[in-house]
Amino acid sequence: MSRDHAQSAAPLGTHAEAPFLELLARRASADAYEQPVLLARAEGLTPEHIDALDQAKRLALRVRAEMEGRRRREAELSALFETAHDLAGLRDLDAVLQAIVQRARSLLSTDVAYLTLHDEAAGDTYMRVTEGSVAARFQQLRLGMGEGLGGLVAQTARPYVTPDYFHDARFQHTRTIDTGVRDEGLVAILGVPLMIGSQVIGVLFAADRRARVFEREEIALLGSFAALAAAAIDTANLLTETRSALARLARANEIIRDGSAVIERASDVHDRLAELVLRGGGVHDVAAAVSQVLDGTVEFAEADAAPAAALEASRAEGHAVRHEDDWVAAVAAGGELLGALVLRGHTRLDPVDQRTLERAAMVTSLLLLARRSAAEAEQRVRGELLDDLLDARDRDPRVLRERAARLRADLDATHVLLAARLDGTADDADQEAAARRRLGSAAFHLAATRHGLAAVRDGGTVLLLPLERGGSATHLARRTARQLGTAVHEAVTVGASAPFEDLAARPDRVAVAHTEAQRCLEALRLLGRAGDGAAAEDFGFLGLLLAGDRDISGYVERTIGQVVAYDERRGTDLVRTLDAYFDSGMSPARTKDLLHVHVNTVAQRLERVSRLLGDGWQSPARALEIQLALRLHRLSSSRH
């Protein structure tokens, strides 16, 4: 691109992006992004300007979708945390269940949300809480096991979804249920089970009065609310059980005396566990506290180290189970086995102590989930800060330094920007996605331990790491490639920028460094150096040229391929002669001195080159292309 063209293209891109940046800033609807393009066409602007607007529109829509996705995920997490907070301070079960249904309806943007509970005496389920319902008959419905969508969910303990209830033959339609659903005007319905252990205690629903396809993420989100609702009901049931037990103990002094020691132990473990949670204790601290209360040895075991049969039985039953001379309580969350608490050497265990072990297992699962959530949150914050630096969104140095300081990163230090990508080929899309997730996790861990930043970007990962005193970008790139490759058990290629400073004051340098690192990454891959690491300084001026999906071997073949082939067939030195000819300033006399041959030999060889490459090969433009091809040919040959 000429300098004049580049100067004219830059303002065009800037003007094209301006209206869409304004739309992003005021969170306009997706339809509004068509207006700048339509207006440009109506005003008869140039095709180049309209194309630039169209490209900026597509980019802005992608950014808008990403921003909307983040806002939605933040809203979902906020609602789940608020619900968990309500559960932690449970006082009124009805209020907690109503809040769960309200938040589920709001986040899934449905017309109605409702919750049914199982009636063991009647053998059916009944409406417990509704939100958005307007039909009295619907609010009083009872569903027998297997009847309607809710009855099928309760019977099978599996989520079910239908985009059009009345035309779905999978469900057992009854007049009573269909009438209630028709009165409410519902069409699309999603139901997920409320479960305590392996027992279904009810169903949580989200429904629309129009045909709708519920996405997998929406089903998972409603399942999370269902788990919290089940936990609230379980907690309320436990509170009821405790109150009943206390009432019975009050009526019998002997039972009170016999049970006082047990109650003291339960209270002790409650206080100990509460204190552990408040001060940020870990799973081994929980095991140690329960060991003292139960007068035994309690250990936390990973899922693959615990007795498999006992672990599965505990998860299925929702209770601690005996295994030889030990007791095993599964540590699980949402169907995922996280490990187990194992009480050693207790052949007998009274019910309260058994429940203590089970509650300790539940606390352990919450601690593990909290630790995982904290790690994911830190990864997200590190990624957002690096994304903002790459996109130069936040240019206030004070704000940038404060955000970095919370992550123990120093933006005033000398840094190197590294672009990393896997080079293995996965068998399918799921395996490739899993490999990328492993690479992202390894990169975030490396960034956290090195007081740097990391983000997932461009199908790979980007790291911003401080440069050690006396270190080089090349050394850092190669070490990072080895560390990431070892962590994910696959070849990882890493390209690095030159070291740079003052990124808090000059955040635009990060984007420039990212482009440079990407060039190095592409150069390594094009030169067949997958699994290696390199910096721009390793390539000289070639580092500025080897970017994008260029066909290096094809370029060499097209430019000097006939000369290379002639040497290979005849055993001549035309390529070496060309190198010497250009190195000597295109002087035959100096060329013959470099090659130690007669000047006539040089002339004959150059005449042969002219026949192979055609007239005009010594023109400035052709000569530059040939010199670049010679350099690439020499660089590629040195790798073999």
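Please read these numbers as outputs of a predicted model, since none were measured by experiment.
- Here Leu446 contributes atom CG and Thr461 contributes atom OG1; the two are 9.5 Å apart, rounded to the nearest 0.5 Å.
- Considering every non-hydrogen atom in both Ala230 and Met195, the closest pair reads CB-O, 3.3 Å.
- Atom CD1 of Ile100 sits about 13.0 Å away from atom CD of Glu131, to the nearest 0.5 Å.
- For Arg216, there are no salt bridge (Lys or Arg N to Asp or Glu O under 4.0 Å) partners two or more places apart in sequence or in a different chain.
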Determine whether Leu190 and Leu222 satisfy the following criterion, side-chain contact (heavy atoms from CB on, under 4.5 Å), listing intermediate values before the conclusion. CA-CA 9 Å; Leu190 163 63; Leu222 193 64; 3.6 Å; yes

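- Pairs passing the ring pair (Phe, Tyr, Trp, His ring centres under 6.0 Å) check and including a residue from residues 176-203, sequence neighbours excluded, do not occur.
- By the 4.5 Å heavy-atom criterion applied to side chains, Val153 and Arg158 are not counted as neighbours.
- Here the side chains of His319 and Arg355 are in contact, with some heavy-atom distance below 4.5 Å.
- Between Phe166 and His173, the ring planes are parallel. Angles under 30° get that label, and only those over 60° would be called perpendicular.
- Considering Leu204, Thr125, Thr130 as possible partners of Leu115, the one that fulfils the side chain to side chain contact (heavy atoms under 4.5 Å, CB included) test is Leu204.
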Could you give me the CA-CA distance, side-chain angles and deciding distance for Arg182 and Asp178, then say whether salt bridge (charged side-chain N to carboxylate O under 4.0 Å, His left out) is met? CA-CA 6 Å; Arg182 189 174 286 107; Asp178 286 0; 5.2 Å; no

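- With hydrogens and angles left out, the side-chain atoms of His323 and Asp326 include no donor and acceptor closer than 3.5 Å.
- Here the closest non-hydrogen pair linking Ala443 and Leu463 is O-CD2, 3.7 Å.
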CA sep, side-chain torsions, deciding dist, call: Asp111, Arg210, side-chain contact (heavy atoms from CB on, under 4.5 Å): CA-CA 9 Å; Asp111 299 320; Arg210 65 187 188 283; 4.0 Å; yes

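- Residues Leu194 and Thr116 come closest through the heavy atom pair CD1-O, 4.0 Å.
- Looking at heavy atoms from C-beta onward, Phe205 lies in side-chain contact with Leu149 at the 4.5 angstrom threshold.
- Contact of the Ile189 side chain with the Tyr114 side chain is registered, since non-hydrogen atoms from C-beta on lie closer than 4.5 Å.
- Atom CG of Leu108 is separated from atom CZ of Phe225 by 8.0 Å, given to the nearest 0.5 angstrom.
- Atom CZ in Arg436 sits 8.0 Å away from atom CG in Leu422 (nearest 0.5 Å).
- Val203 is not listed as a side-chain neighbour of Pro193, based on a closest heavy-atom distance of 4.5 Å or more.
- To the nearest 0.5 Å, atom CD1 of residue Ile233 and atom NE2 of residue His118 are 12.5 Å apart.
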Derivation and outcome, salt bridge (charged side-chain N to carboxylate O under 4.0 Å, His left out), residues Glu218 and Arg212: CA-CA 12 Å; Glu218 295 174 320; Arg212 169 179 175 174; 2.7 Å; yes

Using the side-chain contact (heavy atoms from CB on, under 4.5 Å) rule, take Leu341 and Glu299 through it: C-alpha gap first, then chi angles, then the decisive distance, then the call. CA-CA 6 Å; Leu341 285 185; Glu299 299 174 351; over 6 Å; no

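- Side-chain contact check for Tyr165 versus Leu186: every heavy-atom pair is 4.5 Å or farther apart.
- Residue Trp327 comes nearest to Leu357 through the heavy atom pair CB-CD2, 4.0 Å, listed as atom of the first residue, atom of the second, then distance.
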With side-chain contact (heavy atoms from CB on, under 4.5 Å) as the criterion, how do Arg128 and Leu97 come out once you've worked through the C-alpha distance, each side chain's angles and the decisive distance to 0.1 Å? CA-CA 9 Å; Arg128 182 70 160 78; Leu97 295 181; 4.3 Å; yes

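- A distance of 11.5 Å separates CZ of Phe171 from CD1 of Ile177, quoted to the nearest 0.5 Å.
- Between the Glu184 side chain and the Val134 main chain, a donor and an acceptor come within less than 3.5 Å of each other.
- In summary, the side chains of Ser133 and Gln139 do present a donor paired with an acceptor at a separation below 3.5 Å, with no hydrogens or angles considered.
- When every heavy atom of Phe444 is checked against every heavy atom of Val456, the shortest pair comes out as CE1-CG2, 4.1 Å.
- Under the salt bridge (Lys or Arg N to Asp or Glu O under 4.0 Å) criterion, Arg322 pairs with no residue, sequence neighbours left out.
- Enclosure of atom CZ in Arg175 is not indicated, since only 12 or fewer non-hydrogen atoms of other residues, nucleotides or ligands lie within 6.0 angstrom.
- Between Leu439 and Val492, the closest side-chain pair of non-hydrogen atoms falls below 4.5 Å.
- Considering all non-hydrogen atoms of both residues, Val321 and Glu317 come closest at CG1-OE1, 3.5 Å.
- Counting only distance, with no hydrogens or angles, the side chain of Ser224 and the backbone of Ala220 share a donor-acceptor pair below 3.5 Å.
- Without hydrogens or angle criteria, Ser314 side chain to Ala310 main chain gives no donor-acceptor distance under 3.5 Å.
- Other residues, nucleotides and ligands place more than 12 heavy atoms under 6.0 Å from the CZ atom of Arg209.
- Looking only at distances, a side-chain donor or acceptor of Glu147 sits under 3.5 Å from a matching main-chain atom of Gly144.
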Could you go step by step and tell me if Asp119 and Arg142 meet the salt bridge (charged side-chain N to carboxylate O under 4.0 Å, His left out) rule? CA-CA 10 Å; Asp119 186 339; Arg142 299 186 73 94; 2.8 Å; yes

